[in-house]
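Structure first, then comments.
On a predicted model such as this, the values are computed, not experimentally measured, just so you know. Excluded from the calculations below are hydrogen atoms, water molecules and symmetry mates; all remaining heavy atoms, backbone and side chain alike, are included. The chains referred to below are lettered A, B, ... by the order of the sequence lines, with proteins before strands, and numbering in each begins at 1.
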2 protein chains.
Amino acid sequence: MEKQTITIYDVAREAAVSMATVSRVVNGNPNVKPATRKKVLEVIDRLDYRPNAVARGLASKRTTTVGVIIPDVSNAYFASLARGIDDVATMYKYNIILANSDGDDKKEINVLNTLLAKQVDGVIFMGHHLTEEVRGEFSRSKTPVVLAGSIDPDNQVGSVNIDYREAMKDATNALIASGNKKVAFISGSLLDPINGVSRLNGYKEALTENNITFTEGLVFESDYSYKAGLALKDRVLNSGATAAVAADDELSVGLLNSLTDSGVKVPDNFEIITSNNSLYTDMARPSVTSITQPLYDIGAVSMRLLTKLMNKEDIEEKSIILPYGLVKRGSTK
Amino acid sequence: MEKQTITIYDVAREAAVSMATVSRVVNGNPNVKPATRKKVLEVIDRLDYRPNAVARGLASKRTTTVGVIIPDVSNAYFASLARGIDDVATMYKYNIILANSDGDDKKEINVLNTLLAKQVDGVIFMGHHLTEEVRGEFSRSKTPVVLAGSIDPDNQVGSVNIDYREAMKDATNALIASGNKKVAFISGSLLDPINGVSRLNGYKEALTENNITFTEGLVFESDYSYKAGLALKDRVLNSGATAAVAADDELSVGLLNSLTDSGVKVPDNFEIITSNNSLYTDMARPSVTSITQPLYDIGAVSMRLLTKLMNKEDIEEKSIILPYGLVKRGSTK
DNA sequence: CTGTTAGCGCCTTCAA
DNA sequence: TTGAAGGCGCTAACAG
């Protein structure tokens with residue numbers, strides 16, 4: 001037989017009070033006489049009573065769990081965000097349902113729907129782009145949403161990011177300042193606004209400021225992976241580039257290693273600046289100069305923003321921009 | 001006002017059938033005449049009805065969500081496991097509530113309790129050790145549990161691992177075979193059975209087979225981090241060791257880099273074999289020879305095992321051991 | 001193949 | 001400060 005689950009009703013009977021009273025002490029409602037509270041608490045302890053959160057969720061319409069849609073937890077960038085999210089969630093007594101989407105539109109929609117079916121109180125979305133369909137679901141649902149490390153061109157939902165455009169501009173300028181005339185721009189899909197709009201524009205602005213003509217041939221659309229970086233070497237060298245700004249660390253280290261392994265000296269003959277300042281940049285030899293992003297904080301602040309939204313608090317600004325930096329390492333002169 | 005949530009009752013009314021019938025089509029019960037099924041489906045579509053999973057959970061006593069307790073998602077090793085877990089969970093229509101514990105006993109207990117309060121159908125636990133308290137909760141609860149990449153000395157719950165002892169023995173033997181007389185053993189806390197029992201025993205066995213006397217001075221208890229690896233260099237060199245087997249990749253690369261940076265040639269003057277074959281081992285220069293563990297699979301198989309447990313299927317063997325390997329890279333001769 | 005009827009365990013007015 | 005009663009939205013026998 002199933003172990004008899006003990007309910008609020010059992011506690012009420014044993015303590016000789018009503019369910020309502022038990023409910024009150026369980027939920028910390030102050031309107032209970034200390035004496036009865038104590039009595040109830042004792043019975044709860046004796047019976048080892050555990051409130052059923054599902055029943056509570058049904059009755060109260062709050063589940064204290066939020067959905068987190070992430071492209072891939074095993075990617076260091078997103079994993080850092082996720083850690084920040086969970087820590088703040090825990091702090092505010094929420095749990096997170098984590099779901100990997102691989103950045104795939106269909107999966108995102110599916111996952112979002114099951115999350116909403118499970119009545120999550122809020123959703124944090126990470127992804128390289130937002131399809132119309134996903135945005136449609138967001139706006140038709142009453143559930144608050146925050147984008148973490150992801151751009152929303154329309155700015156309809158909350159979001160937390162750094163200024164990718166400025167950061168990329170700074171990185172490009174730094175490379176130009178050290179004498180590079182041809183700086184390659186390497187990113188993931190340019191269809192993603194974070195690359196095709198924010199970062200690419202920052203890159204172009206730097207060129208313009210330095211009177212350098214933009215060339216399509218120096219733009220490389222790739223994959224956020226170490227392998228993709230390894231594979232990029234020849235194309236990059238053939239383009240005549242003597243430096244590169246890249247949107248991903250694994251990608252950058254891949255490029256760096258294949259360059260080094262084939263005899264190209266970094267930074268003497270080729271310089272690299274990457275974007276995420278993950279552990280990879282520090283481990284590589286030479287280590288990689290990088291834009292620094294407060295990844296953990298982006299996650300943490302996103303979750304904090306979401307708690308406010310769920311709480312229907314007034315929000316000054318739904319689109320939060322966090323500061324970035326640039327840390328110089330061995331891959332630049 | 002809140003957007004009026006539409007329920008199974010609304011659909012029943014509009015389709016002129018009973019709630020039971022609607023429930024049947026929603027749940028794919030075959031006992032419904034195709035015509036009525038079609039009719040109901042149309043109404044569902046027209047009303048944009050979404051079943052409420054919380055209510056379903058309360059009524060059916062199944063939430064189709066499992067709890068995953070993880071020390072730290074931003075650690076590459078655990079993140080890989082987590083990805084395997086989520087993929088298989090999705091495959092079987094489950095979602096995962098992910099909770100970071102930092103390997104802290106208190107947090108583990110807390111998290112486990114809220115997970116159980118939320119009526120998860122099962123739990124996957126990852127952690128370096130299992131406290132008595134946690135094991136107590138496991139056994140007193142009816143909820144199935146599987147340990148992923150974690151040892152249970154008592155073997156009371158399901159688990160999926162590799163044979164850490166044999167793997168470490170092989171690695172140590174390889175180092176001895178290439179001429180090293182003094183091989184350092186570097187791991188996390190020796191209080192964790194995976195280190196203090198499995199791995200250390202494998203290391204000792206290798207020594208014994210080669211008539212080498214075990215020395216406490218060659219055992220280094222450290223932290224699973226890059227920094228800890230960097231900090232270990234002097235102590236390791238002072239011990240007279242000419243090689244090391246290590247239990248963690250970040251740790252290993254830290255040691256490797258601080259060795260290289262201070263002029264010690266790897267592998268000529270010092271050899272290293274690490275344990276997890278993460279991307280770090282491939283990115284490092286020289287790259288690091290490693291035991292290969294099917295991390296993703298450990299996660300995936302754990303979740304698969306859990307589905308069987310939740311389904312009350314007969315299990316041949318609750319403790320699954322997956323194969324490991326050894327991949328030679330630049331850190332060994 | 002379909003409908004009726006009880007709950008699942010808890011919260012939340014509304015009275016007392 | 002406490003209790004009674006009515007749901008929350010859905011599933012699960014059990015009839016028919």
Side-chain angles (χ1 to χ4, degrees), chain A residues 2-41 43-44 47-65 114 116-121 142, chain B residues 1-41 43-44 47-65 93 114 116-121 142:
Chain A
E2 291 293 322
K3 181 168 59 181
Q4 180 62 42
T5 63
I6 75 127
T7 77
I8 199 173
Y9 183 77
D10 300 313
V11 176
R13 183 170 28 72
E14 289 290 312
V17 297
S18 73
M19 303 170 45
T21 301
V22 178
S23 176
R24 289 193 185 93
V25 347
V26 167
N27 293 297
N29 184 318
N31 287 5
V32 181
K33 203 196 317 181
T36 51
R37 175 189 305 284
K38 182 156 174 292
K39 184 173 58 179
V40 172
L41 251 17
V43 175
I44 285 180
L47 264 44
D48 195 28
Y49 164 70
R50 318 270 190 99
N52 178 324
V54 174
R56 174 182 299 176
L58 182 60
S60 69
K61 298 183 169 300
R62 291 189 63 237
T63 54
T64 64
T65 107
T114 87
L116 294 177
K118 292 204 172 176
Q119 313 297 117
V120 294
D121 296 332
K142 288 286 300 171
Chain B
M1 278 286 72
E2 291 293 322
K3 182 170 57 184
Q4 179 61 41
T5 65
I6 74 126
T7 77
I8 200 173
Y9 182 76
D10 300 311
V11 177
R13 182 168 31 71
E14 289 289 312
V17 297
S18 73
M19 303 171 44
T21 300
V22 178
S23 176
R24 287 192 185 93
V25 347
V26 168
N27 292 299
N29 185 317
N31 288 5
V32 181
K33 201 194 324 183
T36 52
R37 175 188 305 283
K38 184 156 172 290
K39 184 174 59 178
V40 172
L41 250 18
V43 175
I44 286 179
L47 265 45
D48 193 30
Y49 165 71
R50 319 271 190 96
N52 179 323
V54 173
R56 175 183 296 174
L58 182 58
S60 69
K61 296 181 169 303
R62 291 189 63 237
T63 54
T64 63
T65 107
K93 310 287 185 196
T114 88
L116 294 177
K118 294 205 172 177
Q119 312 298 118
V120 294
D121 296 332
K142 288 285 302 172

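Straight-line distance from the NZ atom of K61(A) to the P atom of dG7(D): 13 Å, rounded to whole Å. Distance, N52(A) CG to dG9(C) P: 7 Å, rounded to whole Å. Rounded to whole Å, the distance from CG on D10(A) to P on dC8(C) is 11 Å. Protein atom NZ of K118(B) is 16 Å distant from nucleotide atom C1' of dG9(C), rounded to whole Å. For L58(A) and dG9(C), the CG to P distance is 12 Å, given to the nearest whole Å. Between Y9(B) atom OH and dT11(D) atom P there is a gap of 17 Å when expressed in whole angstrom units.
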Would you mind building the protein contact string for nucleotides 11-16 of chain C? One character per nucleotide, 5' to 3', B for base within reach (heavy atoms under 4.0 Å), S for sugar-phosphate only, - for untouched. BB----
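V40(B) and V17(B) make their closest contact through CG2-CG2, 4.1 Å (heavy atoms, listed as atom of the first residue, atom of the second, distance). Closest of all the heavy-atom pairs between P51(B) and A117(A) is O-CB, 3.7 Å. Between R24(A) and V32(A), the shortest heavy-atom distance links the atoms CB-CG2, 3.7 Å. The two residues R62(A) and D121(A) make their nearest non-hydrogen contact at CA-OD1, 3.6 Å.
In this structure, T63(A) contributes its side chain and Q119(A) its backbone to a donor-acceptor pair below 3.5 Å. Side-chain N or O atoms of K118(B) include one that pairs as donor or acceptor with a backbone N or O of T64(A) at under 3.5 Å.
Contacts between residues 30-40 of chain A and DNA chain D, counted as heavy-atom distances below 4.0 Å, involve N31(A), V32(A), K33(A), T36(A).
Within the 4.5 Å cutoff, the side chain of I44(B) has heavy atoms near those of the V25(B) side chain.
Taking side-chain N and O atoms only, T5(A) has a distance below 4.0 Å to OP1 or OP2 of dG9(C). Contact between the side-chain N/O atoms of T7(A) and the OP1/OP2 oxygens of dG9(C) is not found at any separation under 4.0 Å. At the phosphate of dT2(D), neither OP1 nor OP2 sits under 4.0 Å from any side-chain N or O atom of T21(A).
Annotation: side chain to side chain donor-acceptor pair (under 3.5 Å) contacts of N27(B) (sequence neighbours excluded): S23(B).
Using a 4.0 Å heavy-atom distance criterion, V54(A) is classed as making no nucleic acid contact.
Atom CG of L58(B) is separated from atom CG of N52(A) by 6.5 Å, given to the nearest 0.5 angstrom.
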